[in-house]
Amino acid sequence: MAAPAAVKNERIGDLLVSEGLITQEQLTRAIQEQQQNGTRIGYNLIKLGIIKETDLTRFLARRYRMPAVDLKNFEVDLKVAKLVPPELSIKHQLLALKREGRTLTVAVTDPSQLGVLDDLKFITGYEIFPVVGGEFTLRGILEKNFESTDAQMESLLHDIGDLDLDDIEVLEEQEEDMSASALAVAIDQAPVVKLINAILTDAVRRGASDIHFECFEHELRVRYRVDGALFEVMKPPPKLKAALISRFKIMASLNIAERRVPQDGRIKLKIGNRVIDFRVSTLPTLFGEKVVLRILDKGNLTLDLEKFGIEPRSEEQLMDAISNPYGMVLVTGPTGSGKTTTLYSALSKINNIDVNIMTAEDPVEYNLFGINQVQVRSEIGLDFAAALRAFLRQDPNIIMVGEVRDLETGGIAIKAALTGHLVLSTLHTNSAPETITRLLDMGLEPFNVASALNLVLAQRLVRKICSRCKEKYEPDDIELGTAKVERKTTLRELRFTQDSLNGARPNATPEAAPYWAKINLDSRIGDVPFFRGKGCDECQGSGFKGRQGLYEVMYMTPALRRHILLNEGAAELQNAAINDGMLTLRMDGWLKVMKGITSIDQVIRETSAT
């Protein structure tokens, strides 16, 4: 076959700008993202939604005069894929697709790497026929098939189970008397090192947000939280308990001799081509310490508000609020509901060279280029209030405070919002209207709150129905009854208004789109289509894959400001906001059900009927 056309060494980003496919500002955003996660520029352009993967693939194919392949529609043959060593596929982001005689078709993401093709020819013994594939999809295929597998995990656990664990038992018995350095040496030589590395890699591959190591009287349990739900992964031998916990403490730079009080630390590991942060928390329990690791994967962090599933009218109001030069925007919800991600996304929208952005966080979860981030340390007096006071002497334009916890922090934040700064923060309340009453209960003056607030956003996360095994079904009356509705209930009776319904028209899934187009205020719940997941390999039988946000966006209208000045309660504020077209969390949940995105039980579990 003919070799790919030689192209002078030009950067892909610059070529895309010159072709008019992206702007220079969009390229700068992608470069900033690249500097933080270490991936290639094309991958980041696709991840940020700046360019479609198919468009980038076609551009590279034309530029290098090579065929292109859409990997999303390609069934991977693992026997063929493994003709190229997995470590080589991962390192250079390439995938063997097809073998015909002595020719091996290989998808590459960077056609300029001609030297890699020569190496492949030598290693495999085949003639290499390169085609251009999309890096975003190819990376997912490699992670799914090569970086870790259930079989490898089971094999590793079986090997450890067959080991003579006498050394580990001695370690457990003598741990009280051993010095920290001696214990560290012993643990580094133990089989737990390989087990922990495998578990961390496997959790990242599966998209877990947390790893739980739990000690019980007669067993040790490992669980992952994936898409908000916990499931058991394995039960390592109980004799490994002390070594496992101590190993985690060493990796997180904690005191391995201290087992009476909780400790917090951090682990940074390079897994494949990505650098992953693990936030580690230990807690003494009855039968040993429980260790929980929060996985902070910058590669999975989506900062594109358009991809969050927020309804168009609500998104427009949010963008308007954060585009103001001053005022306050509050995001509320329980722990793990995605508040920090929403705030980071808002900041990334307004992160320009001409503004000074400062954040006070506890802890700093992700490092964002161009933003001055401060880690709060209460033990030395650097709390949110102290950080806020310092910020106001640093000539800020935009301030983000991790949480408004008390009157002092709230008072300074309100004053900052009233004196020409845009202030973003979070609060732990159940709904947007309750946020107002919480601020007033703290002791803040109603006229200050009414003047300073631009918008309050409450959010929850629900699990999405798996797109591969989605099917339409008819819920029974018992299932509807748990949602406190009947089949004859109309959307009007569920308190939808014409404004709220009109502002939510786009974004239905293809399956739900024909039904959604016919929905109006007088549509009954019995006329609404319902979908569920049957369960497949993709979703591991659960029927759910990924998560979706539910959003309650309360935009400060003149009418709402008057209600706040009158010091009215949450119920009155909610009624006024709904009359202005606000969607409550439950209403937004119903929209997601009608659009075929999530199920009734998920909405009921995460939202209140009132």
Steps toward side chain to side chain donor-acceptor pair (under 3.5 Å) verdict (Q373, E361): CA-CA 7 Å; Q373 296 172 273; E361 304 170 59; 3.0 Å; yes
M400 and L347: CA distance, side-chain angles, deciding distance, side chain to side chain contact (heavy atoms under 4.5 Å, CB included) verdict: CA-CA 9 Å; M400 187 186 106; L347 287 176; 3.5 Å; yes
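Summarising the geometry, atom CG belonging to L71 is positioned 5.0 Å from atom CD1 belonging to I141; distances are rounded to the nearest 0.5 Å. Taking CG of L230 as the reference point, atom CG of D227 lies at 11.5 Å (rounded to 0.5 Å). In this structure, the separation between OG on S253 and CD on Q263 is 11.0 Å, given to the nearest 0.5 Å. Taken to the nearest 0.5 Å, the OG atom of S281 stands 9.5 Å off from the CG atom of L254. Atom CZ of R29 and atom CD of Q26 lie 7.0 Å apart (nearest 0.5 Å). If you take CD on Q602 and CD on Q548, they are separated by 11.5 Å, rounding to the nearest 0.5 Å.
Between L94 and V116 there is a side-chain heavy-atom pair separated by less than 4.5 Å. Under the 4.5 Å side-chain criterion, counting only non-hydrogen atoms from C-beta, L293 is in contact with V291. At a threshold of 4.5 Å between non-hydrogen side-chain atoms, the residues L461 and L550 do not count as touching.
Ionic pairing of E100 and K98 is present here: one or more N-O contacts between side-chain nitrogen and carboxylate oxygen are shorter than 4.0 angstrom. One finds a salt bridge joining E289 and K249 here, because a Lys/Arg side-chain nitrogen approaches an Asp/Glu carboxylate oxygen to under 4.0 Å. In summary, E232 and R223 do not engage in a salt bridge, as defined by a charged side-chain N under 4.0 Å from a carboxylate O. Between R102 and E127, no side-chain nitrogen of the basic residue sits less than 4.0 Å from a carboxylate oxygen of the acidic one, so the salt-bridge criterion is not met. A salt bridge links D202 and R205; the closest N-O separation between the charged side-chain nitrogens and carboxylate oxygens is under 4.0 Å.
Nearest heavy atom pair, residue L283 against residue P262, reads CD1-CG, 3.9 Å. Between L220 and P237, the closest heavy-atom pair is CD2-O, 4.3 Å. Closest heavy-atom contact between S599 and F531: CB-O, 4.4 Å. Between F278 and I211, the shortest heavy-atom contact is CE2-CD1, 4.5 Å. Shown here for T109 and Q93, the closest heavy-atom pair between the two residues is OG1-O, 3.2 Å. Across T57 and G133, no two heavy atoms sit closer than the pair OG1-C, 4.2 Å.
For F287 and F216, the ring centers are positioned 6.0 Å apart or more.
By the 6.0 Å contact criterion, NZ on K595 is enclosed, its count of non-hydrogen atoms from other residues, nucleotides or ligands being greater than 12.
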